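Remarks on the structure that follows.
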Amino acid sequence: MENIIMKAAIQFVKGIDEEVIPAVKLTRSRDGNTGTATFRFDQPTILDKNMAQMGEITGMYLVDGEGSLVTREVNARYINGTPQAIEAIYIMKNREAWDRFMRFMERYSLSNDLTFTKANSSEI
């Protein structure tokens, strides 16, 4: 299998990479067939008032050399009427979707010099 090398990025408006690195929390069903990824972006650049002309947030797009994964479950968090954070949830409904998501996250972590810390199963 050919190794697909391309920068992985997260976008809220197609074509515009989000610069803020999110905190990502993963959960997986006991049988390993489904999972949920919860992303939290604190003060993402897409919420900057100068970005308003770039377009509406239509979802969260996880883009890499294989294509893109999309979720529409994207919510802004406000403090005193000002958007401060974005939370997005990506649901993986089968093992193939989980594997594809993990390939994206591996590329995203390499593109952004991140590391993955696995929780101990005894901490659940």
Side-chain angles (χ1 to χ4, degrees):
M1 183 170 142
E2 183 180 322
N3 189 5
I4 300 170
I5 299 173
M6 177 187 163
K7 181 178 182 236
I10 298 175
Q11 302 174 348
F12 293 105
V13 175
K14 287 184 180 180
I16 301 171
D17 294 352
E18 176 55 54
E19 296 171 14
V20 171
I21 305 296
V24 182
K25 181 180 166 188
L26 283 173
T27 57
R28 193 171 187 183
S29 64
R30 290 190 187 275
D31 65 6
N33 288 326
T34 62
T36 302
T38 303
F39 291 76
R40 182 178 172 91
F41 298 82
D42 288 319
Q43 299 192 325
T45 55
I46 197 65
L47 292 181
D48 186 281
K49 57 187 162 211
N50 297 326
M51 296 292 284
Q53 75 271 12
M54 297 299 182
E56 296 277 323
I57 294 173
T58 55
M60 181 177 71
Y61 306 90
L62 310 176
V63 182
D64 65 11
E66 283 186 64
S68 64
L69 304 171
V70 181
T71 181
R72 303 286 182 213
E73 284 197 54
V74 178
N75 296 295
R77 298 286 177 227
Y78 291 81
I79 297 175
N80 297 327
T82 304
Q84 297 295 316
I86 290 179
E87 290 181 359
I89 298 173
Y90 183 76
I91 297 173
M92 294 146 280
K93 297 182 179 176
N94 55 48
R95 187 173 298 273
E96 292 77 23
W98 175 272
D99 291 344
R100 170 64 179 100
F101 175 79
M102 292 307 289
R103 289 192 306 274
F104 167 81
M105 287 305 295
E106 184 176 347
R107 291 181 186 115
Y108 185 76
S109 66
L110 289 172
S111 294
N112 293 283
D113 295 323
L114 304 175
T115 57
F116 173 69
T117 305
K118 187 172 184 175
N120 294 332
S121 58
S122 61
E123 294 177 1
I124 295 175

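Since this is a predicted model, take the numbers as computed values, not measurements.
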Value rounded to 0.5 Å, distance of [atom1] in [X] from [atom2] in [Y]:
X     : Y     : atom1 : atom2 : answer
Leu47 : Ile57 : CG    : CD1   : 5.5 Å
Ile46 : Ile10 : CD1   : CD1   : 12.5 Å
Ile21 : Phe41 : CD1   : CZ    : 8.5 Å
Lys14 : Ile16 : NZ    : CD1   : 12.5 Å
Tyr90 : Leu69 : OH    : CG    : 4.0 Å

Donor-acceptor contact present, side-chain [X] to main-chain [Y], <3.5 Å:
X      : Y     : result
Asp64  : Glu66 : yes
Ser111 : Ala8  : yes
Arg28  : Thr34 : no
Glu18  : Val20 : yes

- When clusters are formed by joining ILVMFWY residues with side-chain heavy atoms under 4.5 Å apart, either directly or through shared neighbours, do Val63 and Ile89 land in the same one? no

- Message: Please say yes or no: joined through hydrophobic side-chain contacts below 4.5 Å, possibly via intermediate residues, are Tyr108 and Val24 part of one cluster?
- Response: yes

- Query: With a 4.0 Å cut-off, would you call Lys7 and Asp17 a salt bridge?
  - Reply: yes

Are [X] and [Y] packed together at the side-chain level, in the sense that at least one heavy-atom pair is separated by less than 4.5 angstrom?
X      : Y     : result
Met102 : Leu26 : yes
Thr45  : Phe12 : no
Ile86  : Phe39 : no
Ile91  : Thr71 : no
Arg72  : Thr58 : yes

- The side-chain hydrogen bond (donor to acceptor under 3.5 Å, both in side chains) partners of Asp42 (sequence neighbours excluded) come to Arg40

- Non-neighbouring partners of Glu73 that pass side-chain hydrogen bond (donor to acceptor under 3.5 Å, both in side chains), sequence neighbours left out: none

- Item | Trp98 and Phe101 aromatic ring geometry - parallel, tilted or perpendicular at 30°/60° bounds | tilted

How close do [X] and [Y] get, counting heavy atoms only, and between which atoms?
X     : Y     : value
Pro44 : Ala85 : CD-CA, 4.1 Å
Asp31 : Ser29 : OD1-OG, 2.6 Å
Met60 : Leu62 : CE-CD2, 3.9 Å
Gly15 : Gln11 : N-OE1, 2.9 Å

- Atom CD of Glu19 with >12 non-hydrogen neighbours under 6.0 angstrom: no

